[in-house]
A.B. asks: 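Sending over a structure as structure tokens; questions will come in a sec.
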Amino acid sequence: MAPRRTTLTQFLVEQQRSARAIKPELRLLIEVVARACKAIAVNVGKGALAGILGSNDTENVQGEVQKKLDVISNEILMEANEWGGHLAGMASEEMETFHEIPNRYPKGEYLLLFDPLDGSSNIDVNVSIGTIFSVLKSSDELGPVTEKSFLLPGTQQVAAGYAVYGPTTLLVLTVGTGVHCFTLDREMGSWVLTQSNMRIPEDTKEFAINMSNMRHWDPPVKRYIDELLLGETGPRGKNFNMRWVASMVADVHRIMTRGGVFMYPNDQRPTHRAGHLRLMYEANPMSLIVEQAGGAASTGSERILDVRPSKLHQRVSVFLGSKNEVDRIAAYHAEATK
Ligand code: AHG
Ligand code: MN
Ligand code: MN
């Protein structure tokens, strides 16, 4: 007999019943997000056959040209989640302002934020891309949603996850009880639990950063990377390997699997003073996942999950992954300000 498989639905029911980690409304919300990711995966898999490669003529609020798949993925997530009755509002990388659930649908207490398609520069070259999402509980007692409703620190997230559209389609999820990985069974159309309680080793020999930005970095980042590059002959006394996929989901997933440190620091460029990645729907959900797996996530000067947001699309400096490396980077930043 084939071994018994735990589907996402069973896992979530279990989390609701035994662990009492989630309410039924949150369970249904996560299931809807997971279903939307399945629909995105189908589109990603069709590629040129469905005419979805390439760019639109539009720009998003960050001034980036939108890829067709950015827009399609955003629509899939919006349509799937709008009518379910569990949400008060949604916000996305691809929408300038938040979206309040229209009055024709029932409303719930949760807020959903997402990066519908992460790693857009990799769409047309057939490299792994993904979706990142964060769920917050609204404190507005079902009153009207405003931008302020969303501006909660990452510690307030009740769930976070990402999907990777790679050689296999994965969903990595936390509801605050560790991190669990589900693989999409494409024939059955179901998410199957394939790894429970993912853990990030505290030490690593692998780092991820876009080295082409080196000349713009601040001194603590330069110092840290210089030491890694010196390898066995330098102060670290060991050689480090480098990887950079340029899809945060893929880089973070590698770290979730075998450890490592991922960096997208702020730098001296006027466009990057605050950082590159977005706090609310990239850094916060990934930081919760990484911390839940025993790793750490820092801006260099503070824990990412403690950052008090002031804008929906605010950017943030990101160092995350194996704890001892992230702590070292934070220590170098602290020393530089003394
Ligand atoms: P997005 O495609 O959602 O805009 O995010 C891209 C992000 C992230 O996935 C990745 O780590 C980084 O941008 C890549 O940046 P560079 O092109 O500067 O390497
Ligand atoms: Mn992204
Ligand atoms: Mn994106």
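Not measured: the values here are computed from a predicted model. One-based numbering, in listed order, for ligands and for the atoms of each.
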A.B. asks: Could you tell me if any non-hydrogen atom of Gly119 lies under 4.0 Å from any atom of ligand 1?
C.D. replies: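 Gly119 counts as a contact of ligand 1 under the 4.0 Å cut-off.
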A.B. asks: Quick one: the OD1 of Asp118, the Mn ion (ligand 2), OD2 of Asp115 angle, rounded to 10°, please.
C.D. replies: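 Here the angle at the metal atom is close to 100°, to 10°.
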A.B. asks: What I want to check is whether the side chains of Gln10 and Thr6 have a donor and an acceptor closer together than 3.5 Å.
C.D. replies: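 Short answer, no.
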A.B. asks: Would Ser322 and Glu202 count as having a side-chain donor-acceptor pair, cut-off 3.5 Å?
C.D. replies: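 No.
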A.B. asks: Side chain or backbone, does Met248 bring an N or O within less than 3.5 Å of an N or O on ligand 1?
C.D. replies: yes
A.B. asks: Could you tell me whether the side chains of Glu64 and Asn60 share a donor-acceptor contact shorter than 3.5 Å?
C.D. replies: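 Glu64 vs Asn60: donor-acceptor pair found between side chains.
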A.B. asks: For His272, does its backbone N or O pair with a side-chain atom of Asn266 as donor and acceptor, under 3.5 Å?
C.D. replies: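 No.
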A.B. asks: May I ask you to check if ligand 1 and Asp251 share an N or O to N or O distance below 3.5 Å?
C.D. replies: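 No, there is no polar N/O contact under 3.5 Å.
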A.B. asks: Mark yes or no for whether Asn122, through its side chain, and Val245, through its backbone, hold a donor-acceptor pair below 3.5 Å.
C.D. replies: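 Flag set: sc Asn122 to bb Val245 pair under 3.5 Å.
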A.B. asks: Considering only heavy atoms of Arg278, which atoms of ligand 1 have at least one such atom less than 4.0 Å away?
C.D. replies: 1 (P), 3 (O), 4 (O), 5 (O)
A.B. asks: Relative to atom 17 (O) of ligand 1, which among Asn210, Leu69, Val245 owns the nearest non-hydrogen atom?
C.D. replies: Asn210
A.B. asks: Are any of the N/O atoms on Ser120, whether in the backbone or the side chain, positioned under 3.5 angstrom from an N/O atom of ligand 1?
C.D. replies: yes
A.B. asks: Ignoring hydrogens and angles, state whether a donor on the side chain of Ser190 or Asp185 is under 3.5 Å from an acceptor on the partner side chain.
C.D. replies: no
A.B. asks: Quick one: does Thr299's side chain have a donor or acceptor within less than 3.5 Å of a partner on Glu302's backbone?
C.D. replies: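 Side chain of Thr299 to backbone of Glu302: a pair is present.
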A.B. asks: Considering only non-hydrogen protein atoms, determine which one is nearest to atom 15 (O) of ligand 1 and report residue, atom name and distance to 0.1 Å.
C.D. replies: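 Protein heavy atom with the smallest distance to atom 15 (O) of ligand 1: Tyr264 CE1, 3.4 Å.
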A.B. asks: Checking the N or O distance criterion of under 3.5 Å, is ligand 1 in contact with Asp115?
C.D. replies: yes
A.B. asks: Any atoms of ligand 1 less than 4.0 Å from a non-hydrogen atom of Leu117? List them with their elements.
C.D. replies: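 Counting from 1, the qualifying ligand atoms are 2 (O), 3 (O).
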A.B. asks: Quick check: does Glu93 put an N/O/S atom under 2.8 Å from the Mn ion (ligand 2)?
C.D. replies: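 Within the cut-off used here (under 2.8 Å), Glu93 places no N, O or S atom near the Mn ion (ligand 2).
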A.B. asks: Got more than 12 heavy atoms from elsewhere within 6.0 Å of CZ, Arg273?
C.D. replies: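 Result for CZ/Arg273: enclosed.
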A.B. asks: For the Mn ion (ligand 2), which N, O or S atom of Glu282 is at the shortest distance?
C.D. replies: OE2
A.B. asks: Of the options Val164, Leu117, Ile40, which is the one that meets Ile129 in a side-chain contact (heavy atoms from CB on, under 4.5 Å)?
C.D. replies: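 It is Leu117; the other options fail the test.
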A.B. asks: I'd like to check which ligand 1 atoms, numbered from 1 as shown, lie under 4.0 Å from a non-hydrogen atom of Ser247.
C.D. replies: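 The atoms of ligand 1 under 4.0 Å from a heavy atom of Ser247 are 9 (O).
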